[in-house]
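All ligand and atom numbering here is 1-based and tracks the order in the structure. Note that this is a predicted model, so its numbers are computed, not measured.
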Amino acid sequence: MKFYSTNNPELKVDLKQAVTQGLAPDNGLYMPELIPVLPTAFFETIAQKSFQEIAFEVANSLIGDDIPKSELKRIVEHTIQFDAPLVLIEKDAYALELFHGPTLAFKDFGARFMSQLLGYFAQQQEKEIIILVATSGDTGSAVANGFLGVPGTKVVVLYPSGKVSEIQEKQFTTLGQNVTALEITGTFDDCQRMVKQAFLDTDLTKKYFLTSANSINIARLIPQSFYYFYAYAKLPDHKRPVIFSVPSGNFGNLTGGLLAKRMGLPIHKFIASTNINDVVPQYLLSKTFNPRASRQTISNAMDVGNPSNFVRMLDLFQGDFDLLANEIVGYSFTDEETQKAMREVFSRNKYVMDPHGAVAYLGLKKYLGEHKLEAYGIFAETAHPAKFKEVVDETLKTTVQIPSVLDKFLKHPKKSYALSNKYEDFKNYLNNNF
Ligand SMILES: *Cc1c(COP(=O)(O)O)cnc(C)c1O
């Protein structure tokens, strides 16, 4: 499989280049040249297959020619080490719980798959791969945990001192092994600037094989299609239209769903559910894409003002607004509406939603309310409620149990190296320690 840049279909690279570069040299995002449709037999027997079997067949049809089958199987099995339960919340509304991975958020799927793929490419070369990641919290933990112990790789996480929650900080400062945490006296923007500068610094790029692990990497997108197939497989029957509501920020999750549909998964409609950062729902109403500064909300992993995967969504429809708007409906919700939904579902159904999942629940209900339709509705629950404990406890007047995986991080001592926000200090650190 070749991958082309969304900025230039003539610019094509192989899987290794797409995954190690992340972003194309012309700043485009990589897309598969051809999206294979899975055979009818796959869908006829899907209900009997395990999550790992489904994921392998999907991955194999996309990139099976680029990696030996046994390796791809190992990579998929390492990625899918936890379930994604489909939980019936109320009539025809299912929560697809994507938060059972090590950092309790759906980003574990993408981070684990990418780290295994990079580990495979690292084995084929002499230089180890150094992954630089700037984080304001969640990405750092998913990436660091994904790469933990992967031979041939080292992860350096830069994070702003005092600006991430204690739980988040512990998730990447307690790991050790091949994970180093740099605590920067500065802001997230400083961390991002330092990482970007390192990629442009030929002293470093000659000496090291540097790569980023940002959310636009194609290796994070591919596994985000797996659980759409799995959720479909778990439905009681396949006689009704299926609606997926996805709580969205950078739209990587929803784009994974679009990919699944292109591969033949019969999804009737996607709901792009957002908080007040509603650039995409606005686009679907007005046909104009108007990126703007993000605004803070209680579903803060979706506080995105310029969604990076929007170009991929457009690309899947050849830039045709009508085709895109035919498959995706957009709704946005305020924090007040989100909290009200959390309270209602908690008191009515005894189910605790995190603020992100609650936005998706609202989107699903709104769509089903507007289209009197006998359908199976599925909303993605992207984080464990304990990850947003303060908001959840306060909204529901309850105490969310912290699962033992999070507890485990909290018990270990933090280990980080303090650095200033000067690029030279960061560069010296790399030169002296790697
Ligand atoms: C990252 C994230 C989202 C948004 O996903 P995108 O792929 O960026 O749209 C939603 N919920 C949670 C909990 C997240 O961490």
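Under the 6.0 Å cut-off for aromatic ring centres, F109 and F82 qualify, their centroids lying closer than that. Ring centroids of H356 and F388 are separated by less than 6.0 Å, placing the two rings close together.
S5 and D26 are linked by a side-chain donor-acceptor pair at a separation below 3.5 angstrom, with hydrogens and angles left out of the test.
Salt bridge annotation for D108-R112: absent, with no cationic side-chain nitrogen under 4.0 angstrom from a carboxylate oxygen. Salt bridge absent: K340 and E336 never bring a charged side-chain N and a carboxylate O closer than 4.0 Å.
For a heavy-atom separation below 4.0 Å, the residues in contact with ligand 1 are F106, K107, P247, S248, G249, N250, F251, G252, N253, A301, M302, H356, T382, A383.
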Subject >> Residue pair D190, R193: steps toward the salt bridge (Lys or Arg N to Asp or Glu O under 4.0 Å) verdict >> reply: CA-CA 5 Å; D190 290 323; R193 168 181 52 78; 3.0 Å; yes
